[in-house]
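Atoms considered below: every heavy atom in the structure, side chains included; atoms not considered: hydrogens, waters and symmetry mates. In this text, all values refer to a predicted model and were calculated from it rather than measured experimentally.
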Amino acid sequence: MGMGMPLRQSIRLGAYLMKQKVKRVDKFPLLVELEPLFACNLACNGCGKIQQPAHLLKQRMPVEQAVGAIVESGAPMVSIAGGEPLMHKEIEVIVQRLLDLGKIVFLCTNAVLLPKNLHRFTPHRNFAWMVHIDGLRERHDASVAKDGVFDQAVAAIKMAQEAGFRVNTNTTFFETDTPQDVIDVLDYLNDDLKVDNMQISPGYAYEKAPDQENFLGVQQTRELFKKAFGDGRRKKWRLNHSSVFLDFLEGRVDLSCTAWAIPSYSLLGWQKPCYLLDDGYVKTYKELIDDTDWEAYGRGKDDRCANCMAHCGYEPSAVFATMGSLRDTIRTAAGA
């Protein structure tokens with residue numbers, strides 16, 4: 001049977017949301033995208049990070065700064081991305097410090113460097129690898145612009161699983177993907193590789209992405225996922241999403257963007273309003289929340305947001321809708 005979000009994660013989020021409600025806080029982070037470096041060992045078509053200037057690509061965020069940002073925000077969950085976090089010499093220290101603070105930590109990686117670095121980490125119930133898989137072999141290798149990466153990632157996932165780690169995957173779908181492509185990759189990850197949870201997102205053409213051509217529009221996204229999710233497959237797959245977010249991808253419900261709930265913190269600071277739009281940076285989480293005109297963003301408000309159905313803007317909206325309704329909460333826990 002497919003499961004929605006892992007139960008521990010759901011309970012944790014529920015308690016955190018209740019606390020915010022009691023304190024009457026109206027904007028707060030569910031998860032912070034932490035980018036302690038921009039450097040990467042790959043040059044993927046859908047990513048603009050490696051276009052940063054050389055001096056920035058050499059920089060690594062100090063441990064205290066990374067941990068301090070998460071503490072300041074108060075977020076219960078952290079997704080450490082980049083660049084390739086395994087190129088950071090102290091990445092395991094950052095992870096351990098966050099786990100010691102009771103945070104749920106996902107470490108995003110293309111998994112090429114994972115086998116060499118696995119020994120730096122210890123399995124923990126609040127820790128999971130988040131391996132980027134953009135399709136099966138041919139599709140994935142094309143998307144990362146390098147042959148052999150899919151096989152390396154699969155081998156690394158198996159190695160991490162054998163060592164006792166939770167392993168999740170993250171897959172972005174593009175205009176070139178058919179419903180069958182979605183089905184094939186999710187079936188493979190779910191049934192053959194048996195990863196713990198899978199995350200999916202429609203590709204969105206943000207300004208810095210080198211490949212502007214192949215991103216999905218809203219209508220295409222809905223049609224793609226409606227077909228892929230058909231015949232009971234959606235229930236079977238262990239997708240790490242609330243059922244409301246999956247409804248949203250299929251076009252069954254519409255949501256407004258809540259980018260403030262999944263903010264991005266990098267070497268440049270807190271990014272306004274989200275990591276997909278480049279409207280500047282501020283030093284503190286408080287400034288991000290107070291100094292950003294949140295009403296100005298989202299579909300129908302900013303032209304750049306017109307085709308966006310990205311996880312960072314709409315998954316939190318789905319979580320809030322879910323937690324606001326007991327029925328949906330039960331449905332998500334049951335993976336319905």
Side-chain angles (χ1 to χ4, degrees), residues 16 19-20 23-40 47-85 87-108 206-209 257-298 301-302 304-305 308 310-313 315-317:
Y16 173 74
K19 203 166 103 187
Q20 306 306 317
K23 294 198 304 199
R24 296 220 163 96
V25 180
D26 67 339
K27 288 189 175 64
F28 47 86
L30 294 182
L31 175 145
V32 170
E33 297 267 4
L34 175 66
E35 298 182 345
L37 78 174
F38 289 124
C40 190
C47 172
K49 302 298 176 185
I50 52 166
Q51 294 172 1
Q52 297 289 354
H55 72 274
L56 259 182
L57 290 175
K58 288 197 180 81
Q59 281 180 37
R60 304 291 182 262
M61 190 184 290
V63 174
E64 295 306 327
Q65 185 184 338
V67 175
I70 304 303
V71 169
E72 188 222 343
S73 77
M77 302 194 289
V78 187
S79 179
I80 304 177
E84 171 51 66
M87 290 173 70
H88 192 297
K89 296 274 189 285
E90 293 182 288
I91 195 65
E92 76 278 18
V93 183
I94 295 174
V95 167
Q96 195 52 56
R97 289 276 300 275
L98 293 171
L99 289 171
D100 290 346
L101 289 167
K103 306 295 178 190
I104 291 171
V105 182
F106 303 100
L107 185 55
C108 303
Y206 65 111
E207 295 159 299
K208 281 244 165 63
C257 172
T258 44
W260 45 265
I262 301 191
S264 172
Y265 183 74
S266 71
L267 289 161
L268 298 169
W270 293 95
Q271 190 166 343
K272 298 164 64 163
C274 68
Y275 80 97
L276 297 168
L277 296 182
D278 213 350
D279 285 359
Y281 295 84
V282 290
K283 278 210 160 50
T284 67
Y285 177 72
K286 188 177 175 352
E287 280 174 85
L288 175 74
I289 293 302
D290 296 348
D291 299 354
T292 307
D293 179 6
W294 297 104
E295 295 309 309
Y297 297 102
K301 296 175 179 177
D302 184 320
R304 296 170 301 173
C305 305
C308 180
H311 164 258
C312 63
E315 176 77 86
S317 324

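Here the closest non-hydrogen pair linking C312 and Y275 is SG-CE2, 3.7 Å. The two atoms that bring P76 and P29 nearest to each other are CD-O, 3.5 Å, heavy atoms only. Of all non-hydrogen atoms in D26 and W260, the two that sit nearest each other are O-CH2, 3.4 Å. Contact detail for Q59 and L37: the closest heavy-atom pair is O-CB, 3.9 Å. A pairwise comparison of heavy atoms in S266 and F38 identifies OG-CZ, 3.5 Å as the closest pair.
With S73 contributing its side chain and A75 its backbone, the two residues share a donor-acceptor pair below 3.5 Å. Counting only distance, with no hydrogens or angles, the side chain of T292 and the backbone of I289 share no donor-acceptor pair below 3.5 Å.
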Should Q65 and Y265 be marked as a side chain to side chain donor-acceptor pair (under 3.5 Å) after you check the CA-CA gap, both sets of side-chain angles, and the distance that decides it?
CA-CA 10 Å; Q65 185 184 338; Y265 183 74; 3.0 Å; yes
With side chain to side chain contact (heavy atoms under 4.5 Å, CB included) as the test, would you mind laying out the steps for V78 and F106 before giving the verdict?
CA-CA 6 Å; V78 187; F106 303 100; over 6 Å; no
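Evaluation of the side-chain contact (heavy atoms from CB on, under 4.5 Å) rule for K283 yields E287 as partners, not counting sequence neighbours. For P36, the side-chain contact (heavy atoms from CB on, under 4.5 Å) partners are L34, M61, I80, H88, I91, I94, not counting sequence neighbours. The side-chain hydrogen bond (donor to acceptor under 3.5 Å, both in side chains) test applied to E295 returns no partner, not counting sequence neighbours.
The line from CE of M77 to CG of L31 is 5.0 Å long, rounded to the nearest 0.5 Å. Of the inter-residue distances, the one linking T258 atom OG1 with F28 atom CZ reads 9.5 Å to the nearest 0.5 angstrom. Expressed to the nearest 0.5 Å, how far NZ of K23 lies from CD of Q20 amounts to 5.0 Å. Distance check: C108 SG to E33 CD gives 6.5 Å after rounding to the nearest 0.5 Å. Taking OG of S79 as the start and NE2 of H311 as the end, the distance is 8.0 Å to the nearest 0.5 Å. Interatomic distance, T284 OG1 to E72 CD, rounded to the nearest 0.5 Å: 5.0 Å.
Annotation: side chain of P263 is in contact with side chain of Y285 (closest heavy-atom distance under 4.5 Å). Counting only heavy atoms from C-beta outward, the side chains of P273 and D279 approach each other to under 4.5 Å. Using a 4.5 Å heavy-atom cutoff, the side chains of L288 and Y281 are not in contact. Looking only at side-chain heavy atoms (C-beta outward), I262 and V32 stay at 4.5 Å or farther from each other. Counting only heavy atoms from C-beta outward, the side chains of Q271 and D278 approach each other to under 4.5 Å. Using a 4.5 Å heavy-atom cutoff, the side chains of L267 and L56 are in contact.
Salt-bridge check for K301 with D293: failed, with every basic side-chain N at 4.0 Å or more from each acidic carboxylate O. A salt bridge links E64 with R97; the closest basic N to acidic carboxylate O contact falls under 4.0 Å.
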